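Everything quoted here is computed from the prediction, not taken from an experiment.
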Amino acid sequence: MRGSSVAESNQQGCLFVGEGVVLKGNFEVPDIASISGTIEGELTAKQVIVESTGTIRGKVTGEMVDIRGEVVEYLASTQSLIIRSTGKVSGAIHYSEIEIEKGGHIYGDLHIAGSSRS
């Protein structure tokens with residue numbers, strides 16, 4: 001029990017998956033999901049951060065999605081999608097705004113949210 005609530009108050013509604021941790025299932029996160037380990041299944045969060053050691057296999061949905069690791073199968077971002085230089089995304093990708101850093105990889109079907117194009 002010692003130290004059980006040290007940082008809890010600042011992390012309400014957040015999910016942190018550490019390196020080496022594997023989670024399987026469907027996860028609904030009200031705020032930030034930071035993934036350094038592996039998720040197999042569905043993840044929905046306001047903000048999704050996949051760290052360089054992180055992998056998600058399945059369906060990822062979020063307002064702001066920041067990829068430094070890997071997402072495989074399905075990704076939907078309603079506001080901004082950033083694929084960093086170490087990031088890899090493959091499968092069906094839905095976005096409204098996208099930024100890909102030099103070195104970032106994207107494979108699959110790209111879909112722009114809404115019908116207006118600039």
Item to check | Worked check of side-chain contact (heavy atoms from CB on, under 4.5 Å) between I112 and Y95 | outcome: CA-CA 5 Å; I112 300 172; Y95 64 94; 3.3 Å; yes

Checklist entry - Could you walk me through whether V48 and V71 pass the side-chain contact (heavy atoms from CB on, under 4.5 Å) check? => result CA-CA 11 Å; V48 178; V71 173; over 6 Å; no

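For the salt bridge (Lys or Arg N to Asp or Glu O under 4.0 Å) test, residues two or more places apart in sequence or in another chain that qualify with R84 are D66, E101. For I100, the side-chain contact (heavy atoms from CB on, under 4.5 Å) partners at least two apart in sequence or on another chain are I83, I98, I106. For Y74, the ring pair (Phe, Tyr, Trp, His ring centres under 6.0 Å) partners at least two apart in sequence or on another chain are H94. For K24, the salt bridge (Lys or Arg N to Asp or Glu O under 4.0 Å) partners at least two apart in sequence or on another chain are E40.
Once rounded to the nearest 0.5 Å, the distance linking OG1 of T78 with CD of E97 reads 10.5 Å. From I32, atom CD1 reaches atom SG of C14 across 4.5 Å, with rounding to the nearest 0.5 Å. Note: Q47 CD to S80 OG = 8.0 Å, rounded to the nearest 0.5 Å. Between the CD1 atom of I49 and the CG atom of L15 there is a distance of 11.5 Å, given to the nearest 0.5 Å. Annotation: the span from S90 atom OG to D109 atom CG amounts to 11.0 Å, rounded to 0.5 Å. Atom-to-atom distance recorded for I67:CD1 and H105:NE2 is 14.0 Å, nearest 0.5 angstrom.
The two residues I93 and Y107 make their nearest non-hydrogen contact at CD1-O, 3.6 Å. The nearest pair of heavy atoms linking G13 to P30 is O-CD, 3.4 Å. Closest approach of I35 and T55 over heavy atoms only: CG2-O, 4.4 Å.
There is no path of hydrophobic side-chain contacts, each under 4.5 Å, that joins F16 to V50. Hydrophobic clustering (side-chain heavy atoms under 4.5 Å, transitive across Ile, Leu, Val, Met, Phe, Trp, Tyr) keeps I82 apart from L43.
With T86 contributing its side chain and R68 its backbone, the two residues share a donor-acceptor pair below 3.5 Å.
Within the structure, the ring pair (Phe, Tyr, Trp, His ring centres under 6.0 Å) test picks out no pair touching residues 38-68 (sequence neighbours left out).
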Can you give the donor-acceptor pairs under 3.5 Å from side chains of residues 56-65 to other protein atoms, not counting sequence neighbours?
{"unit_1": "E63", "atom_1": "OE1", "unit_2": "Q79", "atom_2": "NE2", "d": "3.4"}

